[in-house]
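So you know, we letter chains A, B, ... as the sequences are listed, proteins then strands, and number each from 1.
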Amino acid sequence: MSEAVATALGNANRRLLTRLSIVAAIMFGFGFALVPLYDRLCEALGINRLVDKARDTGNTQIDYTRKVVIELDANAHNLPWQFRPLTRHIEVHPGELTTVEYEITNLRNRPVTGQALPSFGPTTAGAHMKKLDCFCFRQQTLGPGETRRMPVVFLIDDKLPSDINTITLSYTFFEVAGKDGPS
Amino acid sequence: MSAVLDTHGHGDHEHGDHDHHGHGPTGLMRWITTTNHKDIGTMYLWFSFIMFLVGGVMALVIRAELFQPGLQLVQPEFFNQMTTMHGLIMVFGAIMPAFVGFANWLIPMQIGAPDMAFARMNNWSFWILPFAGALLVLSFFTPGGAPGVGWTLYAPLTIQMGMGMDLTIFAVHLLGMSSIMGSINIVTTILNMRAPGMTLMRMPLFCWTWLITGYLLIATMPVLAGAVTMTLTDRHFGTSFFNAAGGGDPVLYQHIFWFFGHPEVYIIALPAFGVISQVIPAFSRKPLFGYASMVYATSAIAILSFIVWAHHMYVTGLPIGTQLFFMYATILIAVPTGVKVFNWVATMWQGSLTFETPMLFALGFLFLFTLGGFSGLVLALAPVDIQLQETYYVVAHFHYVMVAGALFSAFSGVYFWLPKWTGKMYDETLGKWHFWLSMIFFNMIFFVQHFLGLAGMPRRIPDYNLMFETWNKISSIGAFGFGLTQLLLLYIVLKTIRSGEKAPQMPWEGADSLEWTHLPTPAPHHSFETPPVLK
């Protein structure tokens, strides 16, 4: 192969390298472009709406004809935390905004981060419990010996099946290891 | 010539003597600084074998825990870390580098090129990998351990995990960079460096499958890099791409991940198809049946792979029309895949077949991969998948495709090209033992998992219902048998290198690609410095 042909090939290779690198860079951007695209598609298809306009303007009256018992439960999984609800059970009407409080104490002499996971009994009730605020929405870091009171603000929607009269709301805290400072 | 291989830096071209390579650095430095495609191919293959053993040990921890119901050996958290790391290491550390190793060794020889287009970048592509592997393994030693989130790295767990997750994210970034550089190199080599007369439609099919795989990698790896970058910023920089508490959506992660993840399946499968398309014609002593249709089928699979991703997400609340679209698109992939399977069978039809180890593994591939394809069709059906998702049926399906498909194909390729690489023959008897033991133990592990899945045993759980015990015991025994059998492969390869008989120039009389017909056995360190003359 002559020197001229070799140089031409080297140039052709570098041109292709540039083009393919541009494709790779565009595809990296494409991954991020999927974020707004996903939102638009969900909007267009009317699915997965966190804020449903039709539902916002619906009837929000409290159904005083019906009572539901909420039983509150708290556990810590392999975690030296004292974790308890301040009320064990409470009676609510569907549509009524309710606030309950939990208290948590870190018994360890260093900061610990935990994440609470909720579970519902019966599980079908979970879809009808609308939480406006919850300590389980984010990780909680407690300093050594710190005690904290944390709220759950929720309402039960009026579509709750009529055969459910008692809902058990249970939280279990798991330690997030490797995260003992504020995150 | 050296102007072409801009960094082909041994300075040997001036000497005009290419018969030995006793110049340049020696010992360890030779391997660290090498830009020779054969050296780099060898390093890829050994790296992938080591990662295969590491990932295999993790699989054995999983199977040991599942030998009987209840928790015996490991805690659930550690079990989750094992399933996650087994998946990541096998996919990114073992299977993908193995086929990049084949590509490095074979593509320049098969198209009559002296080396890869960017020899120095080739060196970087490889040497990034050990660092990525080290990051993955190091994550076990961070507080909280390695991520236990599944190899798919789904949000929201990935946002909640400890610092092991950060190491894994950086490892994925490095693995992605390595893959992208490797693919750009392969695509450029194939498009620009073919010998005169080697038209695209005359290339061996292995080169074709890698050309298409290269494009798939360039198009999808950056998307994965984007997904894990978003996870990283969600974790540390206050963004809320996937964090529901901040208005993000974990389901969005699944869409982005599987936009990469499904083409990834074919990134693994296509080079495996390529190897099989070299081996079956050689042992049938016939040219590949329907070469052109093979090329078109490979392209069709690659294109379709971009529009089927949501079949991994049937239970995420997709509208029914969307489910139907992805279901039909997925079923459509069976058509080009079927073309390939029928072409391989037709290649064997009326051929004069012999059954040496490479052919045995190729036939094992053909049987078991087709079976895995069928269970894939079952899972493609949205109503059936809703029942079977997250069960052992899925585990059985993708191991038929990944192990009996990709891994058996890699074994087949290793036995097929070992004489060309080392100049020595492997022990045929031991090779046959390796095949039959692998075949029996593989089915022992994974065939029974179909039954477990159909009966409803969930995957990724360290404990199970008593009624699943028998099949799990069989599966675990099979797993240990399969693991030990792979040490036989190591022994066979080492024995070949140390004391194998000298290989004849053409150990397989049906082989017809350039590395067999135009180069001596073993292949010289530098080949095709002048392009071969093709009729």
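Using a 4.5 Å cut-off between heavy atoms, B:T229 contacts chain A through its side chain alone, with no backbone atom that close. Neither the backbone nor the side chain of B:L318 comes within less than 4.5 Å of any heavy atom of chain A. For chain B, the nearby parts of A:F137 are the backbone and the side chain; heavy atoms of each come within less than 4.5 Å. For B:I218, the parts sitting under 4.5 Å from any heavy atom of chain A are the backbone and the side chain alike. B:T188 touches chain A through backbone and side chain together, each having a heavy atom under 4.5 Å away. In this structure, chain A has no heavy atom under 4.5 Å from any part of B:F260. Looking at B:A227, there are no atoms closer than 4.5 Å to chain A (heavy atoms on both sides), in backbone or side chain.
Using cut-offs of 30° and 60° for the angle between ring planes, the B:F241 and A:F32 rings count as perpendicular.
A distance of 8.5 Å separates OG1 in B:T322 from CG in A:L41, rounded to the nearest 0.5 Å. The structure places OG1 of B:T220 at 11.5 Å from CZ of A:F30, a figure rounded to the nearest 0.5 Å. The CG atom of B:L252 sits 7.5 Å away from the CG atom of A:D39 when rounded to the nearest 0.5 Å. The distance from atom CE of B:M181 to atom CG of A:L17, rounded to the nearest 0.5 Å, is 10.5 Å. Interatomic distance, CG of A:N13 versus CG of B:N192, reported as 4.5 Å (0.5 Å rounding). Atoms CE and CG, from B:M230 and A:L34 in turn, are 7.0 Å apart once rounded to the nearest 0.5 Å.
Crowding of B:Q75 atom CD: a count of heavy atoms from other residues, nucleotides or ligands under 6.0 Å not exceeding 12. Within a 6.0 Å sphere centred on NZ of A:K67, other residues, nucleotides and ligands contribute 12 heavy atoms or fewer. Counted within 6.0 Å of NE2 on A:H89, heavy atoms from surrounding residues, nucleotides or ligands total 12 or fewer; the atom is thus considered open. Annotation for A:Q82: atom CD does not count as buried by contact number, only 12 or fewer foreign heavy atoms lying within 6.0 Å.
Contact check for B:V251 versus A:Y38: side-chain heavy atoms found under the 4.5 Å cut-off.
Of all the heavy atoms in B:I256 and A:G31, the pair that sits closest is CD1-O, 3.8 Å.
Heavy-atom pairs under 4.5 Å with chain A peak, among B:G145, B:G164, B:G226, at B:G226.
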